[in-house]
There are 2 protein chains.
Amino acid sequence: MANTEAEFQDTVALSTRAVCSQCAFGELCFPHVLPVAFQILFPLAREKRIRLKRGEFLFHARDQQTGIYAVKAGFLKTCLPMPDGQSKIVGFLAMGDVLGLDGLDRRAHASDAIAMNGCEVCVISLDKFEKLLEHPVESVHVRQLLAREITRLGEHAAALGTLSAKQLVATFLLDMSRRWEDRGYSKHEFMLFMSRKEIGNYLGLTFETISRTLSYFQAKQWITMHAKNVLIRDMSALHSQVARASWGSAG
Amino acid sequence: MANTEAEFQDTVALSTRAVCSQCAFGELCFPHVLPVAFQILFPLAREKRIRLKRGEFLFHARDQQTGIYAVKAGFLKTCLPMPDGQSKIVGFLAMGDVLGLDGLDRRAHASDAIAMNGCEVCVISLDKFEKLLEHPVESVHVRQLLAREITRLGEHAAALGTLSAKQLVATFLLDMSRRWEDRGYSKHEFMLFMSRKEIGNYLGLTFETISRTLSYFQAKQWITMHAKNVLIRDMSALHSQVARASWGSAG
DNA sequence: CGGCCACTTGAGCGTACTCAAAACGCGTGG
DNA sequence: CCACGCGTTTTGAGTACGCTCAAGTGGCCG
């Protein structure tokens, strides 16, 4: 079990190769499955990487879009600026996740993308991206990425408007668990790569409520927490916590 | 001012032609701007329409996707089934809006689409749609539609997790206002085509809270309501209601 | 060691929910 | 035409969940 962030980062670094095979960019990074005409493009796409330090912006909302990105290593968050000047987290990104697709509408990003620690991000510039899209296979792939993001955000909105604090936090833990599992890690034992404050912002709750709820789950023996490390002891209890009846029908 | 739903529907019917020019399908319904090779496709797309009665489903969640749709007349809602069996409204659709794009990921719809009154929906079958996407112009158009939906859902999620009841209802009214304005109607005087219960479901509030909040806005002289008809008397007051400071920063 | 930040935990409060009753609109049928 | 029934909306009173404010702990780094 990774007990410190440094140790955890080592683990991540060691498994970078494995991560690539499950990266959402998929064949974008594996030229051999692409039509010959496009094999020229990808070495460039693979070369271009951006390194970010904690707190640095990959892009700002309203920036002109210059490319799309996939997380190679590290963690990022996407934030939407709110009318009151605050900013609201709408997504956490880990290795293999894709960013910047929301900019395809107006050619300008709708959100900020901020590194939560040291990050390495793969870039495909917009002109390369557009050439890429002339090919049906990649075009379908990109549409799937877009559609998946629509589904994810729809479910997130539905959750925020429907579920109680306990349900939201349980959902969040299960979601993190699944994401680690998808990447080949344990679904029972993993690290939350964000602060309580950030979880709260993401779930529409205060960090005190996050803290209290995690303590509650721990008191129930459903999880064990040490700082940011989670051990899920009773997955089904968390699931049944989510499925609890709540208000609001479609009318 | 439209005082009854029947009267309102007449208004809608009369302006169908105007609506088409602002339809999100855009050039899909206007073959003359398309490459010659595709002019064959669109007469078919234009022919195929579906008529729905109030309460009928255009498609169910988990249905295999057979096409994409644009609303020609009438109103629909998209609902996401929740784990507890309830269902949560994630979008209201009026003429010119597009549905079914969330299915492009798994080739199965993620949500239910339900007619809220008599509807007419334009259909493009999936195979025609895919042929269409071989063309760059239409392909870009579809990606823009997808990206716009991502932006919309992100903003909706952010609102649900951040704003108070008054802020949410004010935002909702302004959003409806803008949507009517985009379609060439008055932004000050329009009809809510959904019940208080449905607004509440959409905003993550109870219908009592919706009712109370609308009464509050009316007491403040910001709006006047008669049944489902809204008259906005002080747009800027609603705007400033939204911009009010609220909790939650990105940490 | 001291300062800082993230986190935990407690006590009190406020917003929005719950339950309830009554008014209203609308379609149906006598 | 009015009576009736049903669903929607309004409004009220009480409650509860999650926020606010606050104090205290623990870990990390200079």
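Below, chains carry the letters A, B, ... as their sequence lines are ordered, and counting in each starts from 1.
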Solution key, residues 149-159 of chain A side-chain donor-acceptor pairs under 3.5 Å, sequence neighbours excluded:
from: E149(A); atom 1: OE1; to: R152(A); atom 2: NE; distance (Å): 3.2
from: E149(A); atom 1: OE2; to: R152(A); atom 2: NH2; distance (Å): 3.0
from: T151(A); atom 1: OG1; to: A147(A); atom 2: O; distance (Å): 3.1
from: R152(A); atom 1: NH1; to: V90(A); atom 2: O; distance (Å): 3.3
from: R152(A); atom 1: NH2; to: V90(A); atom 2: O; distance (Å): 3.2
from: H156(A); atom 1: NE2; to: Y202(A); atom 2: O; distance (Å): 3.3

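Electrostatic pairing of D97(A) and R148(A) does not count as a salt bridge here, judged by no charged N lying under 4.0 Å from a carboxylate O. D182(A) has no carboxylate O lying under 4.0 Å from a charged side-chain N of R179(A), or vice versa, which leaves the two without a salt bridge.
Looking only at distances, a side-chain donor or acceptor of K88(A) sits under 3.5 Å from a matching main-chain atom of N201(A).
For the pair Q86(B) CD and dC17(C) C1', the computed distance is 15 Å after rounding to whole Å. Atom CG in L163(A) sits about 16 Å away from atom C1' in dC17(C), given to the nearest Å. Taking atom CD on Q241(A) and atom P on dC17(D), their separation rounds to 12 Å, with Å as the unit. Rounded to an integer number of Å, the gap from K166(B) NZ to dC17(C) P is 13 Å. Between the C1' atom of dA6(C) and the CD1 atom of I199(A) lies a distance of 12 Å, rounded to the nearest Å. Atom CG in L192(B) sits about 14 Å away from atom C1' in dT8(D), given to the nearest Å. What separates CD1 of I223(A) from C1' of dT8(C) is a distance of 14 Å, to the nearest Å. A straight line from CD of Q218(B) to P of dT9(D) spans 14 Å, rounded to a whole angstrom.
Taking only side-chain atoms of S195(B), from C-beta outward, the nucleotide of dT8(D), dC19(D), dT9(C) with the closest atom is dT8(D). For T206(A), the side-chain atoms get nearest to dC19(D) when compared with the rest of dA16(C), dG18(D), dC19(D). Distance from the side chain of K228(A) is smallest to dC7(C) among dT11(D), dC7(C), dT9(D). Set against dC7(C), dC19(D), dT10(D), the side chain of R196(A) has dC7(C) as its closest nucleotide.
Heavy-atom minimum distance, L160(A) versus G204(A): CD2-N, 4.2 Å. Residues F217(A) and A170(A) come closest through the heavy atom pair CE1-N, 3.7 Å.
Residue S211(B) has no polar side-chain atom (N or O) positioned under 4.0 Å from OP1 or OP2 of dT11(D).
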Restricting both atoms to N or O, compile the protein contacts to nucleotides 21-24 of chain D shorter than 3.5 Å, with distance only.
from: dC21(D); atom 1: N4; to: E208(A); atom 2: OE2; distance (Å): 3.2

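Partners of T171(A) by side chain to side chain contact (heavy atoms under 4.5 Å, CB included), not counting sequence neighbours, listed by chain and number: L163(A), V242(A).
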